[in-house]
There are 2 protein chains.
Amino acid sequence: MRWQDIDQQPCSLARSLAIIGDNWTLLVLRDCFLGVRRFDDFQQRLGVTRHVLSDRLRKLAEGGVLEKVAYQERPLRHEYRLTTMGRDLYPVIAHLAQWGDKYLADEAGPPLTRVHRQCGEPLEAKLQCGHCGESVEPRDIRLEENPHWAGTLLPTQAG
Amino acid sequence: MRWQDIDQQPCSLARSLAIIGDNWTLLVLRDCFLGVRRFDDFQQRLGVTRHVLSDRLRKLAEGGVLEKVAYQERPLRHEYRLTTMGRDLYPVIAHLAQWGDKYLADEAGPPLTRVHRQCGEPLEAKLQCGHCGESVEPRDIRLEENPHWAGTLLPTQAG
DNA sequence: AACAGTTAGTTCCAATTAGGAACTGATAGT
DNA sequence: ACTATCAGTTCCTAATTGGAACTAACTGTT
């Protein structure tokens, strides 16, 4: 199976990764959340080559994560803005950044701290169940298979 | 800049992605959370080529996300198990899967539902501040720069 | 003893993708 | 006329991927 066909899988994670799972793409989104919107700004901040950046921005726009908005005519130029769909990826980025803070920082400590405005403390990101409001660990989750794919998704002999 | 040098950046997200940001790696971890541990099981479930799988498992083990544990001698064979560091990635996977459920499912609906055992309802994953317990949106976060990299990380003219 | 089966890889080659640098096109400012 | 801005595109080489076959170290079966 080719990576570019991964969106054919009946798996929400695989389909998500078909849009945002390529190299560089999550770093593009990081910069989007920092307010970066223009091609050259992404390129200079990331150091990614221009045609890879061009490809990633196109995929993100086609996938609905970013929208291409004209910010001037003559010459026509566009910038890239997060859509609601894109902003919904914030928890993914926050948890990944926190995971790096925890396990991969050097002596000088994490480069950025995310402060929760409402409580004034550094964010300790947790996974919360929106229904009951409690924090959730992996063991707290039970998987239910959609009957349509019954028996094809979960491993048979493991748990 | 080459993608393989991305772990040199003073950015926790970039360093996280250096370990888990390659194509296929998050799908390997998805299967780890489903209880898959052996090379051939990963290979058959994912459809990834064997040498790419070999490379990804090696990087995950070197990065501390998985540990290679012998499950038999003669011939010596190993399986791959999530470490605590690896289990800490669960929120990332849960949010990515939920994002796919929300935006990328087809007519038959999401293939799997994650049920929160404690409350019995399908998980509505949210980003929670562990300090105050409230749900967090992107706008609730203020970034503070580590003085050690002052002025080099955040964009100058955006927000 | 010979043979197939299991399992975690490695090796080989063609095809795709990435990295680096230069180039294009439309326009504004000097 | 010349330089600068800015979002790309084009070109070439180098690295990575996809696919298939192969290896090594056994176990179990005829």
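Here is the naming used below: chain letters follow the sequence lines, and residue numbers restart at 1 for every chain.
Contact annotation for B/Q4: backbone-only contact, meaning every heavy-atom pair under 4.0 Å involves sugar-phosphate atoms and none involves a base. No engagement by B/F42 is indicated, since no non-hydrogen atom pair under 4.0 Å with the nucleic acid exists. Looking at heavy-atom distances under 4.0 Å, B/R50 makes contact with a base.
An OP1 or OP2 oxygen of C/dA8 is reached within less than 4.0 angstrom by a side-chain nitrogen or oxygen of B/Y71. Between B/W3 and C/dG20, a side-chain N or O to OP1/OP2 separation shorter than 4.0 Å is absent. For D/dT9, one of the phosphate oxygens OP1 or OP2 lies less than 4.0 angstrom from a side-chain nitrogen or oxygen of A/S54. Contact annotation: A/R56 reaches the phosphate of C/dA18 (side-chain N/O to OP1 or OP2, under 4.0 Å).
With respect to B/K126 and B/E124, no salt bridge is recorded, no charged nitrogen being found less than 4.0 Å from a carboxylate O. Ion pair A/D41/A/R38 not flagged as a salt bridge, since none of the NZ, NE, NH1 or NH2 atoms sits closer than 4.0 Å to an Asp/Glu carboxylate oxygen. Using a 4.0 Å cut-off between charged nitrogen and carboxylate oxygen, A/D40 and A/R77 do not count as a salt-bridge pair. Looking at A/R142 and A/E144, a side-chain N of the basic residue comes within less than 4.0 Å of a carboxylate O on the acidic one, giving a salt bridge.
Residue B/W24 has its side chain nearest to D/dG18 when only D/dG18, C/dG9, D/dG8 are considered. In the set D/dA7, C/dT27, D/dC11, the nucleotide with an atom closest to the side chain of A/H51 is D/dC11.
Across the protein-nucleic acid pair, B/L53 atom CG and D/dG18 atom P stand 12 Å apart, rounded to whole Å. Counting to the nearest Å, the C1' atom of C/dG9 and the CZ atom of B/R38 are 15 Å from each other. Atom-to-atom, CG of A/N23 to C1' of D/dT16 comes out at 10 Å; the value is rounded to the nearest Å. Distance, B/I6 CD1 to C/dA18 C1': 13 Å, rounded to whole Å. When the P atom of C/dG20 is taken as reference, atom CD of A/Q43 falls 11 Å away, rounded to whole Å. A/E73 has its CD atom 15 Å from the C1' atom of D/dC6, to the nearest Å. One interatomic measurement links the two molecules: CG of A/D55 to P of D/dG8, which rounds to 12 Å at whole-angstrom precision. In this structure, B/R58 places its CZ atom 11 Å from P of D/dT16, rounding to the nearest Å.
Here A/H131 and B/H116 keep their ring centres 6.0 angstrom or further from each other.
Under 3.5 Å, the side chain of A/R77 and the base of D/dC6 form at least one donor-acceptor pair of N or O atoms.
Comparing B/R2 and B/T49 along DNA chain D, the residue whose closest nucleotide (by nearest heavy atom) sits nearer the 5' end is B/R2.
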